[in-house]
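Notes for the one structure printed next.
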Amino acid sequence: MAHWLMKSEPSVFGIDDLKAKPKQTSHWDGVRNYQARNFMQRMKKGDEVLFYHSSCPEPGVVGIAKVVTEAYPDHTAFDPDDPHFDPKSKPDKPTWMMVDVKFVKKLKRVIGLDEMKADTKLDGFQLLKRGNRLSVLPVSDAHWKAVLALE
DNA sequence: GCCAACGTTGGC
DNA sequence: GCCAACGTTGGC
């Protein structure tokens, strides 16, 4: 089983929004970056995901989710009225994909970006790289354990 | 295929 | 609100 991290702005869709969904499950739409999409296409049912809050007062890992549906076309790309509309993605040849994720748990506290940066066990973690803008990224087993050890 | 311009992300 | 970093676009 692989591990991942997915970023979201809590003012748009946070961990509490996922928890409040029917079946505590939501599709993860709106990813418009090829590298992030490729990672989503590699996701398998049962994979675990660190839920990360970005662009907020306290950026950091706030909870855990799991993949319940593997990659399928992101229909929001087909809708001209959707903010994530992309005319180059066609229903018969979709450019953008999404997965469904289910809420697992909230961490007891937020694992802040600053403390992750300070942890030498997290050296090389893609999230912590300067200028990192990927919204979906893989997490090694060692980094997964190190993040959760901070809880 | 190069590269400047532009738009977006995201921490601070 | 600022600005660095980066991906994408489009002219050539």
Side-chain angles (χ1 to χ4, degrees), chain A residues 2-21 26-43 47-67 70-140 142-151:
Chain A
H3 292 125
W4 309 91
L5 179 143
M6 296 172 103
K7 287 183 194 172
S8 189
E9 297 185 29
S11 61
V12 179
F13 188 86
I15 186 86
D16 291 325
D17 297 306
L18 179 61
K19 191 180 178 183
K21 282 272 180 180
S26 176
H27 47 107
W28 200 274
D29 62 302
V31 171
R32 297 292 180 268
N33 170 287
Y34 288 101
Q35 223 185 322
R37 179 206 63 185
N38 294 345
F39 286 139
M40 283 201 298
Q41 286 177 319
R42 280 168 41 192
M43 288 183 180
D47 282 0
E48 290 178 314
V49 177
L50 293 174
F51 200 112
Y52 179 87
H53 280 175
S54 66
S55 298
C56 59
E58 201 182 2
V61 174
V62 293
I64 295 175
K66 69 177 177 185
V67 176
E70 293 174 19
Y72 62 102
D74 181 343
H75 57 78
T76 65
F78 309 141
D79 178 2
D81 296 325
D82 192 281
H84 298 295
F85 173 62
D86 184 349
K88 73 174 172 289
S89 186
K90 301 284 196 305
D92 58 328
K93 200 170 184 260
T95 305
W96 303 116
M97 310 293 279
M98 59 187 179
V99 297
D100 289 356
V101 298
K102 182 176 166 65
F103 174 85
V104 173
K105 68 168 187 172
K106 276 175 84 165
L107 301 185
K108 296 185 198 80
R109 62 181 193 86
V110 178
I111 307 300
L113 182 60
D114 47 357
E115 53 182 314
M116 288 192 281
K117 280 180 178 166
D119 188 343
T120 54
K121 289 196 186 67
L122 289 173
D123 285 354
F125 189 15
Q126 204 165 347
L127 176 73
L128 308 179
K129 289 226 183 85
R130 230 164 93 91
N132 166 58
R133 291 168 46 186
L134 263 185
S135 60
V136 178
L137 49 96
V139 181
S140 71
H143 288 158
W144 176 272
K145 279 180 200 146
V147 169
L148 295 182
L150 290 170
E151 187 182 1

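Source: prediction; values computed, not measured. Below, read A as the first sequence line, B as the second, and so on, with proteins coming before strands; counting in each chain starts at 1.
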For the atom pair [atom1] ([X]) and [atom2] ([Y]), what is the distance rounded to the nearest 0.5 Å?
X        : Y        : atom1 : atom2 : value
A:Leu137 : A:Lys7   : CG    : NZ    : 6.5 Å
A:Met116 : A:Leu128 : CE    : CG    : 6.0 Å
A:Lys105 : A:Ile64  : NZ    : CD1   : 5.0 Å

If you look only at pairs with a residue in residues 86-125 of chain A, which of them pass as a ring-ring contact (aromatic ring centres under 6.0 Å, His included), with sequence neighbours excluded? A:Tyr34-A:Trp96, A:Phe125-A:His143
Looking for any heavy atom pair under 4.0 Å, which part of the strands does A:Ser54 touch: base, sugar-phosphate only, or nothing? sugar-phosphate
Intermediate values then yes/no, salt bridge (Lys or Arg N to Asp or Glu O under 4.0 Å), A:Asp74 and A:Arg32: CA-CA 10 Å; A:Asp74 181 343; A:Arg32 297 292 180 268; 3.0 Å; yes
Which residues within residues 76-94 of chain A lie with some heavy atom under 4.0 Å of an atom in DNA chain B? none
Note: contacts of residues 111-124 of chain A with DNA chain B (heavy atom, under 4.0 Å) are A:Leu113, A:Lys117
According to side-chain contact (heavy atoms from CB on, under 4.5 Å), who are the partners of A:Val110, at least two apart in sequence or on a separate chain? A:Glu58, A:Val62
Output all residues satisfying side-chain contact (heavy atoms from CB on, under 4.5 Å) with A:Lys145, sequence neighbours left out; order by chain, then residue number. none
Looking at A:Ile111, is its backbone amide N or carbonyl O close enough to the side chain of A:Glu151 to form a donor-acceptor pair, meaning the two atoms are under 3.5 Å apart? no
DNA chain B: first to last nucleotide in contact with chain A (atom under 4.0 angstrom from a heavy atom), 5' to 3', is B:dG7 to B:dC12
So do the side chains of A:Pro73 and A:Met97 get within less than 4.5 Å of each other, counting heavy atoms only? yes
Within a radius of less than 6.0 Å around NZ of A:Lys102, do more than 12 heavy atoms belonging to other residues, nucleotides or ligands occur? yes
